[in-house]
Amino acid sequence: MARRRKSPRKPRPSAQAVLAAETRWWEEWAAYLAPPLAVFVVFSFSLKNGYVWDDTQYLLENPFLKLKWPVFVKWAFTSFYAANYHPLTWLSHRLDVAMWSGAPMGHHLTNVIIHAVNTLLVVHLAASLTRIAHRAAARRFCLYAGLFAGLIFGVHPLRVESVAWIAERKDVLCALFFLLTVICHLRFAETKSAMFYRLSLGCALLALLAKPMAVSLPVVLLILDVYPLGRLELRSAFSKGTRVLVEKVPFVLLSAASLLLTLFAQKASGAFVAIKSAPILLRLWVAARGLVFYLVKSLVPAGLAPLYPYPEAAGFEHFLSGALLAALLAFMLLRRKETAWLWAAMAYYVVTLIPVLGLVQVGQQSAADRYSYLPILGPLFLAAAAWARVATWPKPLARRAAVIGLIAVTSLFGLLSVRQIPHWRDSVTLFTREIEVFGDKVSSAYNNRGVGYEKMGRFQEAFADYEKALRLKPDYPDALVNRARLKRLMRDLEGSLKDLERAAALAPTHLKVFNSRGVVLDLMGRHREALHEFQKALSLNPFSHQTQFNVGLHHFQYGDLKKAESHVQRALILAPGFARAHELLARILMKQGRLRHAEESLRRALSLEPRSPMASLTLAEILTRMGRLKGAVQVLDAAISFNPGLKDGYFMRGMLRFRLGDKELADRDLRAAASMGHQGAASFLRRMGR
């Protein structure tokens, strides 16, 4: 039998041939669509989550988000609410409230969409920077670098905090315009088009209005001008690079204005930590550890937590981080002529992290996953270029290994993110995770979990957590205020007052302490002392709408309607969307016989809080006194549809229907009220023999 002739082996393509080959249409589509699709697959699990941590302050208890658009826009651009200045972020939250109302799923969906768009921009930016840095590089090489960067950035577990936490909308929104600023700057450098310069400047402004993290943009653009654009040489920057430097002046002015506004907002809120509490040397060690921390967590995303506590003293990991940074710097200095790419990436990484490294310490955290959102792009783009080099080698085995490796790493990171997302379901699950990671090292975790339990109505668990927080840290004012609130609800007024007195000694400028003491003293019948506490709170912050409301309520309860109206009106000037203040103003006006004005106030309250039973009942009473019985019935119809167990609503509607002659429906309403335990309804039915 004749042997078959072996067909000649096809010559292996050279590296140049593999790189130079035209990219196929599906490669283009895959590179740009695969990362955003992966984001939607992974972060769709966050749509099941609710509100968590600061979401309450930002959304649920924010009276300004229900203002009409013209008034709200003015507030957004003039407010330092929640110790921040980010009007664009407030506008996005207001839009969500208009679209989704109180449903958290819609707010989460917006975060996911913005993050997916950011991922698409990361693909484009990585591909563009790779093309500029490797001027002779083929399209496939650049495209593969973009694909790698987009996938890893998009699904990495470090992104979970920024995306799954509604209040961190500012992260993803700022990043959107930050990335657009850089992309427009690259186009300006290539085309010299004034349009792209103006677009870059406009996007920088929007990034700063979303979050002040973008203050580093002028330096970032200068780094890009040095490498890879080559528009600026450091040695001759002030002699030959004047034009490039002048271009950055508007960016510097915008960043300076944003920085001043942010410092003012943080200082006004008392968020800064004193030098004696966190000495300069300790801050430097924490900053060194932070620079290594985000790189390590990017490679090994294990032990992620919502809050990494600030250390009392520098430890081994801080010294090790300093040594690693020194070694890296020495290497870069020795090989500086060959490592321009490394200098640019690390300069970007450090510059974008500086605002959150703790050199100017705000809050009690030493690091946060969300802080890595933009800074990690520098090291990530280096890794992307390295992977793309392997993925476009002429050896098929190397290419297959690179593709399989990327799929494996992306899948692993995606699964870790899916496991991380449920921790952000609510405050209880979130701080349970904090306790799992750090145990009893973080007393604030127990305090914050207690707040979560309290909002769920699980008061025993909340009280136990406040107790635990105070055992770990006896001088913890927030935990004392929270425990005092629970004691007040349990009618332990003496115990509540004792906790508040301890809190006042520890934090003499804590606004909640004086407001809470005023409420407790009022309940104890010590009205003069209560008013004194409220006035102390006003002296600390006359712009607190809650304090103005408390003073107004105090005067109303004790018959001084003139003073009550004055303070409630001030509360409404400070917070026009404060529904409870509109309700209280209506009750004051009603006492004065000004029924039409009271009706207007209640209709404003109901436009803000349609489910408020008190506002509905009071409005029905006013309309009844004005002889508008059918209008009162309509108001009660809406109130009962929102609150089916509203026995006073059934009773009032039954009596109104009786007066209108609709005895059958009146009888039905009164029987419903009586079955719910309303004594007046039962008594009326007995008198009528029913």
Side-chain angles (χ1 to χ4, degrees), residues 59-76 93-103 545-546 548-553 555-557 561-657 659-660 669:
L59 299 169
L60 297 180
E61 296 177 359
N62 185 345
F64 304 98
L65 283 178
K66 295 176 182 177
L67 296 173
K68 292 182 179 178
W69 275 104
V71 182
F72 179 80
V73 171
K74 180 183 177 182
W75 172 83
H93 284 306
R94 178 64 180 85
L95 189 61
D96 271 355
V97 168
M99 291 173 62
W100 310 106
S101 187
H545 61 276
Q546 184 63 56
Q548 293 285 2
F549 173 82
N550 287 343
V551 177
L553 179 61
H555 286 304
F556 172 71
Q557 288 171 334
L561 298 181
K562 188 175 180 181
K563 286 184 178 178
E565 183 180 356
S566 172
H567 284 286
V568 174
Q569 290 283 19
R570 285 179 212 167
L572 287 169
I573 291 170
L574 293 166
F578 192 5
R580 286 182 62 206
H582 284 293
E583 287 182 30
L584 179 56
L585 179 61
R587 290 163 65 193
I588 294 167
L589 295 170
M590 190 175 164
K591 287 266 187 185
Q592 295 172 337
R594 297 156 63 187
L595 299 183
R596 289 194 180 279
H597 291 96
E599 180 192 354
E600 289 173 11
S601 290
L602 284 169
R603 292 200 182 277
R604 286 195 203 101
L606 285 169
S607 70
L608 296 164
E609 292 288 349
R611 297 176 178 271
S612 170
M614 181 59 70
S616 298
L617 293 173
T618 309
L619 179 58
E621 184 182 346
I622 288 172
L623 293 174
T624 301
R625 287 172 60 176
M626 294 170 70
R628 293 157 58 185
L629 303 188
K630 290 184 179 179
V633 169
Q634 289 174 354
V635 169
L636 292 169
D637 287 342
I640 291 168
S641 69
F642 286 129
N643 304 279
L646 188 62
K647 60 182 179 182
D648 288 332
Y650 282 104
F651 174 69
M652 286 183 70
R653 191 171 69 176
M655 297 303 293
L656 287 168
R657 282 173 167 171
R659 289 174 63 181
L660 288 167
D669 279 344

**Student:** Among Gln569, Arg570, Lys563, Lys562, find the one that has a side chain to side chain donor-acceptor pair (under 3.5 Å) with Ser566.
**Tutor:**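 Among Gln569, Arg570, Lys563, Lys562, the one that satisfies the side chain to side chain donor-acceptor pair (under 3.5 Å) with Ser566 is Arg570.
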**Student:** How are the rings of Phe64 and His545 set relative to one another: parallel (under 30°), tilted (30 to 60°) or perpendicular (over 60°)?
**Tutor:**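 Perpendicular.
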**Student:** Parallel, tilted or perpendicular: which describes the rings of Phe72 and Trp75, with under 30° parallel and over 60° perpendicular?
**Tutor:**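 Aromatic pair Phe72/Trp75 classed tilted.
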**Student:** Does the side-chain contact (heavy atoms from CB on, under 4.5 Å) test come out yes or no for Glu621 and Met652, once each step is laid out?
**Tutor:** CA-CA 8 Å; Glu621 184 182 346; Met652 286 183 70; 4.3 Å; yes
**Student:** Between Leu623 and Leu629, is there a side-chain heavy-atom distance shorter than 4.5 Å?
**Tutor:**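 When only atoms from C-beta onward are counted, Leu623 and Leu629 do not touch, as no gap falls below 4.5 Å.
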**Student:** Please say which of Asp637, Val635, Leu636 ends up in a side-chain contact (heavy atoms from CB on, under 4.5 Å) with Val633.
**Tutor:**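 The residue from Asp637, Val635, Leu636 that satisfies side-chain contact (heavy atoms from CB on, under 4.5 Å) with Val633 turns out to be Asp637.
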**Student:** Could you report the tightest heavy-atom contact between Val568 and Ala581, atom names first, then the distance?
**Tutor:**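 Scanning both residues completely, I find the closest heavy atoms to be CG1-O, 3.3 Å.
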**Student:** Would you check if there is a donor-acceptor pair between the side chains of Glu583 and Thr618 at a distance under 3.5 Å?
**Tutor:**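 On atom types as modelled, these side chains do not qualify, holding no pair under 3.5 Å.
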**Student:** Take Trp69 and Arg94 through the side-chain contact (heavy atoms from CB on, under 4.5 Å) test and state the conclusion after the steps.
**Tutor:** CA-CA 8 Å; Trp69 275 104; Arg94 178 64 180 85; 3.4 Å; yes
**Student:** Which atoms form the tightest heavy-atom contact between Pro644 and Tyr650, and what is the distance?
**Tutor:**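 Looking at all heavy atoms of both residues, the closest pair is O-CE1, 3.1 Å.
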**Student:** Output, in order, the C-alpha distance, side-chain angles, deciding distance and verdict of side-chain contact (heavy atoms from CB on, under 4.5 Å) for Leu617 and Leu646.
**Tutor:** CA-CA 10 Å; Leu617 293 173; Leu646 188 62; 4.3 Å; yes
**Student:** Should the pair Glu599-Arg603 be classified as a salt bridge under the 4.0 Å nitrogen-to-oxygen rule?
**Tutor:**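 Looking at Arg603 together with Glu599, the answer is yes, because their closest N to O distance falls below 4.0 Å.
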**Student:** About how many Å separate CD of Glu61 and CD of Gln546, when rounded to the nearest 0.5 Å?
**Tutor:**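 The distance works out to 9.0 Å.
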**Student:** Backbone N or O of Pro576 within a donor-acceptor pair of the His582 side chain at under 3.5 Å?
**Tutor:**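 Present.
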**Student:** Keeping the roles fixed (side chain from Asn643, backbone from Arg611), state whether a donor-acceptor pair exists under 3.5 Å.
**Tutor:**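 Between the backbone of Arg611 and the side chain of Asn643 there is a qualifying donor-acceptor contact (under 3.5 Å).
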**Student:** Taking Glu565 first and then Arg594, would you say they form a salt bridge - that is, a charged N and a carboxylate O separated by under 4.0 Å?
**Tutor:**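 Yes, Glu565 and Arg594 are salt-bridged.
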**Student:** Ignoring hydrogens, what is the shortest heavy-atom contact between Arg657 and Asp669? Give both atom names and the distance.
**Tutor:**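 Closest approach of Arg657 to Asp669: NH1-OD2, 2.8 Å.
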